[in-house]
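Read the numbers this way: they start at 1 and go in the same order the structure lists the ligands and their atoms.
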Amino acid sequence: MRKADYLIIGQGIAGTMLSWFLLQAGKSVVVIDDAKPNSASRVAAGIINPVSGRRFEPAWMYDTIYPFAKNTYLQLSALLQVPVFTERQLWTVFPSAQMRDAFLHKTTGNDYTELPAALKYEAFLDQPFGAAIVHGATVNLPSLLPAYRQYLKDREALQETHFDVNVLEITPTGIIYEDIQADKLIFCDGVATTALPFFERVKFLPNKGEVLLIKVPGLETMDIIKKGITLVPQDHGVFWAGSSFVWDYEDDHPTVQQREVLEQRLSQLLMVPYEVVGHLSAVRPSGNDRRPIVGFHPDYPAIGIFNGLGTKGCSLAPFMAAHFKDVLVSNAPLMPEIALQRYF
Ligand SMILES: Cc1cc2nc3c(=O)[nH]c(=O)nc-3n(C[C@H](O)[C@H](O)[C@H](O)COP(=O)(O)OP(=O)(O)OC[C@H]3O[C@@H](n4cnc5c(N)ncnc54)[C@H](O)[C@@H]3O)c2cc1C
């Protein structure tokens, strides 16, 4: 029987960060991940944006979580020898005069935004109401996740298989899963967690996002471009163009309807032809109050959850995982806003 302090299900950004901080704290960890190709972390663009949504509200806890996330990603980049973190400007095109006024009203005086001295991308973008610069970043998930997976494999801390909850045995001192005996099991399994018997009382509000991968001849930039749809530069001249939000969906596959929605938004942004080279989709694991969902089941103290990262996995995961580690290792009090307990 193999013994571990923690068995973690899932190696998206949640399981990556939680296992990383637990290993750093000297704990033994086994991660089980089935490498679902269209998990949220494998489809996301990895944008970190200091302002949220159409109302341009400052993102929750941004001044705390952003420097922490940046530091964590830079450390992992140095350790794993892959590019992980890039600070970028978000070229935010105003769709209307009202939106420009709302932006100026909400963001004047903060450090994250500025008005450009001159318009850029005039040959490519339809921007009659102008644009603003928002200072954000991207996390390179397609390089971070496999590199960290290899790091776990090298330590014999990763099992590439599907976790079957029916095989789980809860004992008086922890759990047994096949040949693994652990003190605690923590579900970092994204939207799959909604099907588990343990978290039926949690008010999940998962939503599906679809994305096109496009090429725009002549458009070369490091900036993120945003107006109803967001373009994020990738390798080889490809842009990630997304994403939609759908709460009522049949499955997690790409649809003709959402492709039309995305293409319509592209036509409102781009004044030049483009070529679609890919179409992706995934479901965001969100709770009804848009806060992370963290803690242990009141009736099964060995069963935990680290989830609910919603639209902001890349900015929230490092700080929240480190905080959960402090709760686990040093008995720190769990932030009530994110406690699983709020649903019980
Ligand atoms: C289209 C789209 C765009 C997005 N863009 C951004 C963005 O720009 N910036 C941002 O911060 N966030 C973005 N998000 C949100 C972000 O993707 C999520 O917040 C984040 O990825 C959630 O990570 P997670 O680790 O909780 O879940 P997931 O990424 O879903 O990871 C769960 C993992 O668990 C594994 N798993 C599940 N069940 C099992 C099982 N039974 N056995 C074994 N393994 C299992 C899966 O294979 C997967 O690897 C976006 C999401 C979508 C869908």
Quiz item: Under 3.5 Å between some N or O of ligand 1 and some N or O of Ser315?
Solution: no
Quiz item: Where on Ala44 is there a heavy atom closer than 4.0 Å to ligand 1, on the side chain, on the backbone, on both, or on neither?
Solution: both
Quiz item: Can you list the atoms of ligand 1 that are under 4.0 Å from a heavy atom of Gly10?
Solution: 33 (C), 34 (O), 35 (C)
Quiz item: Can you tell which of Ala14, Ser286, Gly46 gets a heavy atom nearest to atom 24 (P) of ligand 1?
Solution: Ala14
Exercise. Would you mind running through ligand 1 and noting each atom that sits below 4.0 Å from a heavy atom of Ala282?
Key: 53 (C)
Quiz item: Below 4.0 Å from any atom of ligand 1, is there a heavy atom belonging to Gly242?
Solution: no
Quiz prompt | Test item, Thr161 contacting ligand 1 (heavy atom, 4.0 angstrom) | solution = yes
Quiz item: Just distances here: any N/O of Ile13 and N/O of ligand 1 closer than 3.5 Å?
Solution: yes
Exercise. Give me the one residue out of Lys36, Arg42, Lys208 that meets salt bridge (charged side-chain N to carboxylate O under 4.0 Å, His left out) with Asp252.
Key: Lys36
Exercise. Please state whether the rings of Tyr121 and Trp91 are parallel, tilted or perpendicular, taking 30° and 60° as the class boundaries.
Key: perpendicular
Practice problem: Check ligand 1 against Gly313 and write out every atom of the ligand that is under 4.0 Å from a heavy-atom position of the residue. | Solution: 10 (C), 11 (O), 12 (N), 19 (O)
Practice problem: Working to the nearest 0.5 Å, report the span between OH of Tyr62 and CG of Asn49. | Solution: 7.0 Å
Quiz prompt | Over-ring placement of Arg290 relative to Trp60, 6.0 Å and 45° cut-offs | solution = no
Exercise. Using a cut-off of 6.0 Å, state whether more than 12 heavy atoms not belonging to Phe344 lie near its atom CZ.
Key: yes
Exercise. Have a look at Leu196 and tell me which of Leu168, Ile303, Val165 forms a side chain to side chain contact (heavy atoms under 4.5 Å, CB included) with it.
Key: Val165
Self-check item: From the candidates Ser41, Cys188, Gly190, the one that places a heavy atom nearest atom 20 (C) of ligand 1
Solution: Ser41
Quiz prompt | Under-4.0 Å salt bridge between Lys153 and Glu160 | solution = yes
Exercise. Give yes or no for whether the N/O distance cutoff of 3.5 Å, strictly under, is met between Cys314 and ligand 1.
Key: yes
Practice problem: Measure Ala317 to ligand 1 on non-hydrogen atoms and call it side chain, backbone, both or neither using the 4.0 Å cut-off. | Solution: neither
Practice problem: Mark up the atoms of ligand 1 that fall under 4.0 Å of a heavy atom belonging to Asp189, in ascending order. | Solution: 32 (C), 34 (O), 37 (C), 38 (N)
Quiz item: Salt bridge check: are Asp183 and Lys3 linked by an N-O gap of less than 4.0 Å?
Solution: no
Exercise. Specify whether Phe187 and Phe163 have parallel, tilted or perpendicular ring planes, treating 30° as the upper limit for parallel and 60° as the lower limit for perpendicular.
Key: perpendicular
Practice problem: For Asp326 and Ser330, run side-chain hydrogen bond (donor to acceptor under 3.5 Å, both in side chains): C-alpha distance rounded to whole Å, both residues' side-chain angles, the deciding distance at 0.1 Å, then the answer. | Solution: CA-CA 5 Å; Asp326 288 340; Ser330 315; 4.6 Å; no
Self-check item: Distance-only N or O hit between ligand 1 and Arg284, under 3.5 Å
Solution: no
Self-check item: For atom 49 (O) of ligand 1, the option (of Asp33, Val31, Ile293) bearing the nearest heavy atom
Solution: Asp33
Quiz item: Do ligand 1 and Ala40 have nitrogen or oxygen atoms that lie under 3.5 Å from each other?
Solution: yes
Quiz item: Looking only at distance, does Pro285 have an N or O less than 3.5 Å from an N or O of ligand 1?
Solution: no
Quiz item: Are any of the side-chain heavy atoms of Thr113 and Ile133 separated by less than 4.5 Å?
Solution: no
Quiz item: Under 4.0 Å from any heavy atom of Ser243, which atoms of ligand 1 are there?
Solution: 1 (C), 3 (C)
Quiz item: When only distance counts, is Val43 in polar contact with ligand 1, meaning an N/O pair under 3.5 Å?
Solution: no
Quiz item: What part of Asp164, side chain, backbone, both or neither, has a heavy atom within less than 4.0 angstrom of ligand 1?
Solution: neither
Quiz item: Should the pair Tyr73 and Phe85 be assigned to parallel (<30°), tilted (30 to 60°) or perpendicular (>60°) ring geometry?
Solution: parallel
Quiz prompt | Proximal candidate to atom 13 (C) of ligand 1 [heavy atom criterion; set Thr311, Leu280, Val283, Asp252] | solution = Thr311
Quiz item: Does ligand 1 have an atom under 4.0 Å from some heavy atom of Trp240?
Solution: yes
Practice problem: Show which atoms of ligand 1 fall inside a sub-4.0 Å distance from at least one heavy-atom site of Ala192. | Solution: 37 (C), 38 (N)
Quiz item: Can you tell me how far NZ of Lys312 sits from CD1 of Ile47, rounded to the nearest 0.5 angstrom?
Solution: 9.5 Å
Practice problem: Would you kindly check if the NZ (Lys) or CZ (Arg) of Arg2 is within the cone defined by 45 degrees around the ring axis of Tyr177 and under 6.0 Å from the six-membered ring centre? | Solution: no
Quiz prompt | Nearest candidate to atom 46 (C) of ligand 1, where distance is taken over non-hydrogen atoms, out of Thr138, Ile8, Asp34, Ile32 | solution = Asp34
Quiz item: Closest non-hydrogen protein atom to atom 19 (O) of ligand 1, residue and atom name please, with distance?
Solution: Gly310 O, 2.7 Å
Practice problem: Identify whether NZ of Lys or CZ of Arg in Arg155 sits under 6.0 Å from the centre of the six-membered ring of Tyr151 and within 45° of that ring's axis. | Solution: yes
Quiz item: Any nitrogen or oxygen of Ile9, main chain or side chain, under 3.5 Å from a nitrogen or oxygen of ligand 1?
Solution: no
Practice problem: With Lys203 as the cation and Tyr343 as the aromatic partner, state whether NZ or CZ is under 6.0 Å from the six-membered ring centre and within 45° of the axis. | Solution: no
Practice problem: Output the list of atoms in ligand 1 that are nearer than 4.0 Å to some heavy atom of Ile47, sorted by atom number. | Solution: 7 (C), 8 (O), 9 (N), 10 (C), 11 (O)
Quiz item: Closer than 4.0 angstrom: is that true for some heavy atom of Arg42 and an atom of ligand 1?
Solution: yes
Quiz item: With atoms numbered from 1 as shown, which atoms in ligand 1 lie under 4.0 angstrom from a non-hydrogen atom of Val211?
Solution: 1 (C)
Quiz prompt | hydrophobic_cluster_shared for Leu316 and Leu90, side chain cutoff 4.5 Å | solution = no
Exercise. Could you tell me whether Lys312 approaches ligand 1 through its side chain, its backbone, both or neither, with non-hydrogen atoms closer than 4.0 Å?
Key: backbone
